[in-house]
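Numbers restart at 1 for each chain; the letters A, B, ... are given by sequence-line order, proteins then strands.
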2 protein chains.
Amino acid sequence: MSKEIAQLNELWTDIYYRLRYNHSEKITHQAIRILQVIQKESEVGIKEIARAIQVSHNTASEHVKRLLEKGYIVKTRSAADERKVILQLTAEGNDILHRHSSLDEEKLRHLLFEKMTKEERQAVLDAFALLKERADDVYYR
Amino acid sequence: MSKEIAQLNELWTDIYYRLRYNHSEKITHQAIRILQVIQKESEVGIKEIARAIQVSHNTASEHVKRLLEKGYIVKTRSAADERKVILQLTAEGNDILHRHSSLDEEKLRHLLFEKMTKEERQAVLDAFALLKERADDVYYR
DNA sequence: TTATTTATATCGTATCATAAGATATATTCT
DNA sequence: AGAATATATCTTATGATACGATATAAATAA
């Protein structure tokens, strides 16, 4: 493993450890994973959830049922095929996922606007955008 | 919330979603959190674990016991106070934590060395280092 | 020295999270 | 019409998670 890869990963995990939200509401591990899939992919149904988290369709359906009950997602039927459901996050769903996978906004605000110059801020954003753009190439190849 | 903060968070979660390891071994959610604490903090004992993951000391002790059994951590007694234990990750512990919190090395190798110029690579690393340095300020303030 | 506090370990009990086989209904495809 | 597909529900079972009660040992206070 090259020095750069190890370095980047250490920076990555360090940054997350320092900047993540501290006091999170209780939500299950698989629920977070499912909400992520729904947010990051398009046209997500039970089959896609099952495949993404590597469980049977019945397990996936049960998980989805619970998320519906909690109000984190909503379900519609696909116009193209009425057997298929299309799942989407609600505002609550987006909110709780945010808190379990994003960087704490207050910490970010402080960091970006009180600890960085405008140029530094832009450099960070540019670097992240570049990394994400290249990551898309890897993900979708 | 400012545009930059939202943008950074979307980039952050997108990058992780695309670059994380795909097929992870089964390890529990709290186990990962504990391994992270042990890796990122110093002089970690039962009390520190309990506080970090917000459980009672007995629960923390049980969790630690299981991680010891799996060989993910080792335990020593503090020379300064023999009641206290000091926990450290084993190579296996580091390895499994890596797979549940870091970016996939193969994806990173491909991305950094086949999709980026040397200048771009350096810009990304510099930006991450800067963000981490400022994150330290926020975390330790 | 004794009493109290601190740090961890173990046991028993309980609830929640997670999973999948069996079965069912509805829709789409052959 | 029959087969395949997509999801939903029920039943059963194991693992994950948590903490009160209790215990031992070490450190600190009186």
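Remark: P of C:dA7 and NZ of B:Lys75 are 16 Å apart, rounded to the nearest angstrom. B:Arg66 places its CZ atom 10 Å from the C1' atom of D:dA18, with the value rounded to the nearest Å. The nearest whole Å value for the distance from the CD atom in A:Glu82 to the C1' atom in C:dT28 is 11 Å. Regarding A:Gln30, its CD atom lies at a distance of 12 Å from the P atom of C:dA17, rounded to whole Å. Between the NZ atom of A:Lys47 and the P atom of D:dA8 there is a distance of 14 Å, given to the nearest Å. Computed from coordinates, the B:Asn58 CG to C:dG12 C1' distance equals 12 Å when rounded to whole Å. In this structure, CD1 of A:Ile49 is placed 14 Å from C1' of D:dA6, rounded to the nearest angstrom. In this structure, A:Lys84 places its NZ atom 12 Å from P of D:dA8, rounding to the nearest Å.
Heavy-atom minimum distance, B:Leu103 versus B:Tyr21: O-CE1, 3.6 Å.
Screening A:Ile86, A:Leu97, A:Val64, A:Ile73 for a side chain to side chain contact (heavy atoms under 4.5 Å, CB included) with A:Ile38, the sole residue that qualifies is A:Ile73. No option in A:Glu92, A:His98, A:His100 other than A:His100 meets the side chain to side chain contact (heavy atoms under 4.5 Å, CB included) test with A:Ile96.
Looking at which nucleotide of DNA chain D each of B:Ser56 and A:Val64 is closest to, the 5′-most match is held by A:Val64. For the pair B:Thr59 and A:Ile53, both in contact range of DNA chain C, the more 5′-proximal nearest nucleotide belongs to B:Thr59. With the nearest nucleotide of DNA chain D identified for both A:Gly45 and A:Lys26, A:Gly45 has the one nearer the 5' end.
Contact annotation: side chain of B:Arg83 to base of C:dT6, donor-acceptor pair present below 3.5 Å.
Residue contacts shown for A:Asp81 are limited to sugar-phosphate atoms, with no base heavy atom under 4.0 Å away. At a threshold of 4.0 angstrom between heavy atoms, the contacts of B:Arg77 are confined to the sugar-phosphate backbone, with no base atom among them. Using a 4.0 Å heavy-atom criterion, one finds that A:Thr28 contacts the sugar-phosphate atoms exclusively.
Checking A:Gln30 against A:Arg33 by side-chain atom types alone, a donor-acceptor pair falls below 3.5 Å.
Between the side-chain ring of B:His57 and the base of C:dT8, a stacking contact exists by the 5.5 Å and 30° definition.
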Quiz item: Can you check side chain to side chain contact (heavy atoms under 4.5 Å, CB included) on A:Glu114 and B:Arg134, steps first, answer last?
Solution: CA-CA 10 Å; A:Glu114 290 171 35; B:Arg134 297 292 188 273; over 6 Å; no

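Between D:dA8 and A:Ser61, a contact under 4.0 Å exists linking OP1 or OP2 to a side-chain N or O.
Relative to the side chain of A:Ile46, the nucleotides D:dT9, D:dT7, D:dC19 differ in distance, and D:dT7 lies closest.
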